[in-house]
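Lettering follows sequence order; numbering is per chain, from 1. In what follows, every heavy atom counts, from backbone to side chain, and hydrogens, waters and symmetry copies are set aside.
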Amino acid sequence: MPELPEVETIRRGLAPVLTGARLARVTARRPDLRFPLPHRFAERMTGVRIEALDRRAKYLLARLDQGETFVAHLGMSGRFEIADAGGSNGAGRFARAVAPDPRHAHVVFETEAGARVTFYDPRRFGYMALVPTAALGEHPWFRGLGPEPLGPGFDGELLECALAGRRAPIKTALLDQRLVAGLGNIYVCEALHRARLAPDRAAGSIPRRRLARLAQAIKSVLEEAIEAGGSTLRDYASAEGGLGYFQHSFAVYGRAGEPCLRRGCGGAIRRSVQSGRSTFACDRCQA
DNA sequence: CCCACGACCTGTGGGC
DNA sequence: TGCCCACAGGTCGTGG
């Protein structure tokens, strides 16, 4: 599920339950996800207090009171579910497209206040770590990570520097987390369509004026998706982190063969493959 | 260094 | 209905 907006939505959903909470019990129901869980993971997590929940790129960060930061990446299919002290969650009160399969409940966090947060991940591409907070920036997952697209200073000039000399297609370049952090396949396709840029253009050859428009498109699509995720949160009372309502707002992603939604364009969305991944774009209004 | 590709793992949806 | 293939929102290691 998760690109930057989904991880941010999950963070906002978990924050009320976990910020300031002390963990009474942590259960790892298997020894590994994509990578082995940290050494003595459950023991090291038990009794800690979570001082703050943050996000960097697609990573969820829980700053702990003992000097370490818990890091989680949700891979392709990871999700967190919140249950309150009574054990109920959104599923009992609201319709849900896909109920979590208990076979894939890999890690359970229980707070002293009686809340339970469960990590589900059928494909197990997700991963977790405990990293000394002071050295977080030097960790391989974070060293070399590009700028936050919603951070200060993200504009056409910054993109121009990041993309200088790149011959890779702009679509592929934007997926490179070293250049920009947090974008994934969906929002790259959506941002390129908003900016009217063709996905196969060489990244390093796009003039700054158009990169300014691209930077603005990236910001607006991410902000709108987070906003839509917020409405999902309100409805589900959970940190499910699915695509929420924003999936109904995709202009190109998953719309192969359908008409381009840009006013007056009249083109059709075409699916292609770049670096082994689906790209959706309108050949008529993206150039 | 840059880039493309296969691998990792399970589930789902479409076509026959 | 059942089977088989293609494909899925991410990242890493390899090899050209």
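- B:dC2 is paired with C:dG16 under the criterion used here, namely a Watson-Crick or G-U wobble arrangement in which both key atom distances are under 3.5 Å.
- Going from the P atom of C:dT14 to that of B:dC9 covers 16 Å, rounded to whole Å.
- The side chain of A:His104 contributes no N or O atom lying less than 4.0 Å from OP1 or OP2 of B:dT10.
- A close approach under 4.0 Å does occur between a side-chain nitrogen or oxygen of A:Gln177 and OP1 or OP2 of C:dT11.
- Comparing B:dT10, C:dT11, B:dC3 against the side chain of A:Arg167 picks out B:dC3 as the nearest.
- Annotation: A:Arg25, atom CZ; neighbour count of heavy atoms from other residues, nucleotides and ligands within 6.0 Å does not exceed 12.
- Remark: P of B:dC8 and CG of A:Leu74 are 22 Å apart, rounded to the nearest angstrom.
- For the pair A:Phe125 CZ and C:dG13 P, the interatomic distance rounds to 14 Å; values are reported in whole Å.
- At whole-Å resolution of the value, CZ in A:Arg34 and P in C:dC12 are 6 Å apart.
- When distances run from any side-chain atom of A:Tyr59 to the nucleotides C:dA8, C:dC12, B:dC3, the shortest one goes to C:dC12.
- Using a 4.0 Å cut-off, no side-chain N or O of A:Arg124 falls inside it from OP1 or OP2 of B:dC8.
- The phosphate of C:dC7 has neither OP1 nor OP2 within less than 4.0 Å of any side-chain N or O from A:Ser278.
- Residue A:Ser275 has its side chain nearest to B:dA4 when only B:dA4, C:dG10, B:dG11 are considered.
- Distance from the side chain of A:Phe35 is smallest to C:dC12 among C:dG10, B:dG11, C:dC12.
- Backbone-only engagement by A:Thr172 is indicated by non-hydrogen atom pairs under 4.0 Å involving sugar-phosphate atoms exclusively.
- A:Leu14 and A:Val108 are members of different hydrophobic clusters when ILVMFWY side chains are connected at heavy-atom separations under 4.5 Å.
- Taken together through direct or relayed side-chain contacts under 4.5 Å among Ile, Leu, Val, Met, Phe, Trp and Tyr, A:Val48 and A:Leu37 form part of one hydrophobic cluster.
- Using a 4.0 Å heavy-atom distance criterion, A:Arg103 is classed as a sugar-phosphate-only contact.
- Here the CZ-CG distance, from A:Arg11 to A:Leu53, works out to 7.0 Å after rounding to the nearest 0.5 Å.
- In this structure, CG of A:Asp176 is placed 10 Å from P of C:dT11, rounded to the nearest angstrom.
- Across the protein-nucleic acid pair, A:Glu3 atom CD and C:dA8 atom C1' stand 12 Å apart, rounded to whole Å.
- With rounding to whole Å, A:Arg277 atom CZ is found 14 Å from B:dG6 atom P.
- Checking B:dG11, B:dC3, C:dT11 against the side-chain heavy atoms of A:Tyr127 singles out C:dT11 as nearest.
- A distance below 6.0 Å separates the ring centres of A:His73 and A:Tyr127.
- Distance A:Gln274 CD to B:dC3 P: 13 Å, rounded to the nearest Å.
- Under a hydrophobic clustering in which Ile, Leu, Val, Met, Phe, Trp and Tyr are joined whenever their side-chain heavy atoms come within less than 4.5 Å, directly or via other members, A:Ile226 and A:Phe250 fall into the same cluster.
- Listed pair A:Arg166 / B:dC2 meets the phosphate criterion, a side-chain N or O lying under 4.0 Å from OP1 or OP2.
- Counting to the nearest Å, the P atom of B:dA7 and the CZ atom of A:Arg123 are 15 Å from each other.
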